There are 2 protein chains.
Amino acid sequence: MAPRRNTGSTGTGRRADALSRERIVEAAVELLDTAGESGLTFRVLTERLATGAGAIYWHVANKGELLAAATEAVVAAALTAAPARAPRTPREAVRAVALGLYGAIDAHPWLAPQLAVQMPRDPVKSVTPRIYEAVGRQVRALGVPESAWFTGTSALVHYILGAAGQNAANGRAARAHVGTDRGEFLDSVSTAWEALDPGEYPFVRAVAKQLRDHDDTEQFLAGVDLILAGITALHAPGAGASD
Amino acid sequence: MAPRRNTGSTGTGRRADALSRERIVEAAVELLDTAGESGLTFRVLTERLATGAGAIYWHVANKGELLAAATEAVVAAALTAAPARAPRTPREAVRAVALGLYGAIDAHPWLAPQLAVQMPRDPVKSVTPRIYEAVGRQVRALGVPESAWFTGTSALVHYILGAAGQNAANGRAARAHVGTDRGEFLDSVSTAWEALDPGEYPFVRAVAKQLRDHDDTEQFLAGVDLILAGITALHAPGAGASD
DNA sequence: ACCTGAACACCGTTCAAGT
DNA sequence: ACCTGAACACCGTTCAAGT
């Protein structure tokens, strides 16, 4: 049963700190950021907001809806934020949007699984069209034929979500090893890869040192460039290749 | 505390249906496939295997380890399975590996979030090196310089996981709408996209019909081809472009 | 209209006890 | 060495009752 929502004017004074869907979502994001997905609990949310469980359920149908709202709030903010430097070419514009999403997922690691699950769940109201619109506009600006728009955009979106998700999980894994930062963590993985069986894992051993030396963000952008190069190589023989 | 494991010879006759880590993992996969991730519960696992909870905990440290073991079993099988037609070129070989992973995630939708979380968690024993090895060997066979191996391989892996994850979530979402198959589901999404605000979502509206008409697997392979084209465009001016 | 908080059904995990 | 099953702490959700 869907809960009733704030239907508008309650007439007179509400307390300044009155409970609202907005405040609940805000508190949820804070909790997710500081304590991770398993840290978001109706009990601690209840304490933080100094209410009862029922109060939250009056504003929000269930935990899934709360997670969806938290996801949408954070992604909307990330897509709205202007890039540090105004992009001068379509390629730069694609990179900027990609970096914006990558950064948001890096800052809020709980976003990654959430986006994967939620994007198709409600593909209309949810965050999906926003992401496709933001990325797709820049693909269109590349000057490739319309038939290439959808393929190029969804390839980019899938790559961005996949790469950012792995990066976020890397951060979680690094944090799990006490006293280890991301660099040391990748270092130890690289060492372990070098020790794998040469017969079974020749390739992994060969790239182990590239894993050690790589910079996450650079690597991410290199992947974006690969897809961009593919888009312009398969389409648009003349235009759009400048940068 | 890590549980003790089966240390080997118990001497004499065990029951033919004796509990074992293998049987537990097998039952877990079955449960995940039929009931989804939320369907895997120690209680129903306990019933299915006709034991007590403690028995399972003797073989498996906790639920996370059980999920990791289930993931590895399924992915290993998918990577080992020979493709229907022997690939004749490096590009075909990349496509075959990509399709294998895509198909495994499509058949076992719970794999997608599991892979995202688990790959970095134990990047040595776990499934990660297997996937990188399988994909990377074919990238190497493309004939591009060694400096391009890692970037190209991780771009492909991230894309594959991202795309397969979205596809799996699409399936879940479609199944959630009663009496709706994947095609009807995408149809309704496409219609909804066409109804979005023209000022805010011009791009999404423009590609709505391509969303309706597309074939999931074709679309996935088109993305793989985009990355392959990018790899050969940015590297290997001479070799590797035949197909 | 909005909130309280006890109660319910369910979950992963532990552990003394058995064989 | 391997298994039993009651018990524990915790979770999301409901709902009669208050204001």
Side-chain angles (χ1 to χ4, degrees), chain A residues 1-25 27-28 31-32 35-70 110 113-114 117-118, chain B residues 1-25 27-28 31-32 35-70 110 113-114 117-118:
Chain A
M1 197 159 317
R4 301 123 286 172
R5 290 287 163 58
N6 211 321
T7 44
S9 65
T10 31
T12 49
R14 308 150 121 292
R15 289 181 301 157
D17 64 340
L19 203 54
S20 68
R21 192 178 153 93
E22 224 181 20
R23 270 193 71 221
I24 294 172
V25 171
L31 224 40
L32 287 164
E37 182 162 354
S38 68
L40 176 59
T41 281
F42 274 82
R43 307 216 185 215
V44 337
L45 203 53
T46 280
E47 279 175 38
R48 282 277 228 282
L49 295 168
T51 34
I56 294 174
Y57 276 93
W58 198 88
H59 294 276
V60 157
N62 51 42
K63 195 177 183 181
E65 193 185 297
L66 181 55
L67 281 165
W110 50 272
Q114 224 43 52
V117 172
Q118 249 154 58
Chain B
M1 195 159 320
R4 300 123 286 173
R5 292 284 163 58
N6 211 322
T7 45
S9 66
T10 32
T12 50
R14 309 150 120 295
R15 289 181 299 158
D17 64 341
L19 203 54
S20 68
R21 193 178 153 92
E22 225 181 17
R23 269 194 70 222
I24 294 171
V25 171
L31 223 40
L32 286 164
E37 182 161 356
S38 67
L40 176 59
T41 281
F42 274 83
R43 303 207 193 223
V44 337
L45 203 53
T46 280
E47 277 175 40
R48 283 277 227 281
L49 294 168
T51 35
I56 294 174
Y57 276 93
W58 198 88
H59 294 274
V60 157
N62 51 42
K63 194 177 184 181
E65 192 184 299
L66 181 54
L67 280 165
W110 50 272
Q114 224 42 51
V117 171
Q118 249 153 58

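Predicted model only: the values in this text are computed from it and were never measured. Order of the sequence lines fixes the chain letters, A, B, ..., with proteins taken first and strands second; residue numbering starts at 1 for each chain.
- From B:I24, atom CD1 reaches atom OG1 of B:T51 across 7.0 Å, with rounding to the nearest 0.5 Å.
- Residues A:L49 and A:A27 share a closest heavy-atom pair of CD2-CB, 3.9 Å.
- Counting to the nearest Å, the C1' atom of D:dA7 and the CZ atom of B:R43 are 10 Å from each other.
- For A:K63, the listed nucleotide lying nearest its side chain is D:dT13; candidates were C:dC3, D:dC3, D:dT13.
- Atom C1' of nucleotide C:dT14 and atom CZ of B:F42 are separated by 12 Å, given to the nearest angstrom.
- The residue B:L66 sits apart from the nucleic acid: no heavy atom pair falls under 4.0 Å.
- If you measure from atom CZ of A:R23 to atom C1' of C:dC3, you get 13 Å, rounded to the nearest angstrom.
- Pair assignment for C:dT13: D:dA7, on the basis of Watson-Crick or G-U wobble contacts that are both within less than 3.5 Å.
- Residues A:L32 and A:Q114 fail the side-chain proximity criterion, which asks for heavy atoms closer than 4.5 Å.
- Place A:G54 and A:L40 on DNA chain D by their nearest nucleotides, and A:L40 ends up nearer the 5' end.
- Here the CG-CH2 distance, from A:L67 to A:W110, works out to 7.5 Å after rounding to the nearest 0.5 Å.
- For B:L67 and C:dG12, the CG to C1' distance is 12 Å, given to the nearest whole Å.
- Rounded to whole Å, atom P of D:dG12 lies 15 Å from atom CD of A:E65.
- Here D:dT19 sits opposite C:dA1 as a Watson-Crick or G-U wobble pair (both hydrogen-bonding atom distances under 3.5 Å).
- Using a 4.0 Å heavy-atom cutoff across all strands shown, A:I56 reaches no nucleic acid atom at all.
- Annotation: D:dA17 and C:dC2 have their P atoms spaced 22 Å apart (nearest Å).
- Note that CD of B:E47 and CG of B:L45 are 10.0 Å apart. Values are rounded to the nearest 0.5 Å.
- Between D:dC11 and A:T41, a contact under 4.0 Å exists linking OP1 or OP2 to a side-chain N or O.
- The listed nucleotides are D:dT4, D:dT13, C:dC3; the one nearest the side chain of B:A55 is D:dT4.
- Rounded to whole Å, atom P of C:dC11 lies 11 Å from atom CG of B:L31.
- When distances are taken from the side chain of A:Y57 to each of D:dG12, C:dT14, D:dC3, the shortest belongs to D:dG12.
- A:R21 places its CZ atom 14 Å from the P atom of C:dC3, with the value rounded to the nearest Å.
- Rounded to whole Å, atom C1' of C:dT13 lies 18 Å from atom CH2 of B:W58.
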